[in-house]
Amino acid sequence: AQDLPHVSPSDPTASALKYVEDGTKAQGRKTPNDFCADCSFYQGKAGAAWGPCQLFPGKAVAAKGWCVSHTHVA
Ligand code: SF4
């Protein structure tokens with residue numbers, strides 16, 4: 001999984017979801033602490049810089065990224 005290609009922020013789906021690789025620069029975050037790494041759709045290993053996201057099959061998103069579908073892990 002660590003070899004998955006990275007999602008391009010300009011990919012149509014990523015763009016529609018306002019995905020960014022640097023969550024600190026995201027528009028519309030609910031809290032400043034929301035990142036892919038604490039999203040329930042994220043499947044990366046703890047501490048890894050990139051990991052799979054259920055919304056982007058076959059690709060990896062940045063652990064410090066963010067998109068509008070962000071949902072906190074319960
Ligand atoms: Fe990141 Fe979650 Fe959006 Fe996937 S759904 S890109 S893990 S914020």
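Just follow the structure's listing: the first ligand is 1, and inside any ligand the first atom is 1. Nothing fancy with the numbering, it's 1 onward along the sequence. For the numbers below, each heavy atom of this structure counts, side chains included, while hydrogens, waters and symmetry mates do not. Computed from a prediction, not measured in an experiment: that's the story for all the values here.
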Minimum heavy-atom distance between D38 and H72, given as atom pair plus value: OD2-CE1, 3.1 Å

Shortest non-hydrogen contact between C36 and A62, atoms and distance: CB-O, 3.1 Å

Path from L17 to W50 over hydrophobic side-chain contacts below 4.5 Å: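 Same cluster: L17 reaches W50 through Ile, Leu, Val, Met, Phe, Trp or Tyr contacts under 4.5 Å.
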
F56 neighbourhood, listing ligand 1 atoms whose heavy-atom distance to it stays under 4.0 Å: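 Going through ligand 1 atom by atom, the ones under 4.0 Å from F56 are 6 (S).
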
Main-chain N/O of V61 paired to H6 side chain as donor or acceptor, under 3.5 Å: no

Donor-acceptor contact below 3.5 Å, side chain R29 vs main chain W66: no

Over 12 non-hydrogen atoms of neighbours within 6.0 angstrom of NZ in K64: no

Atom 3 (Fe) of ligand 1: protein N, O or S atoms that are less than 2.8 Å away, sorted by chain: C67 SG

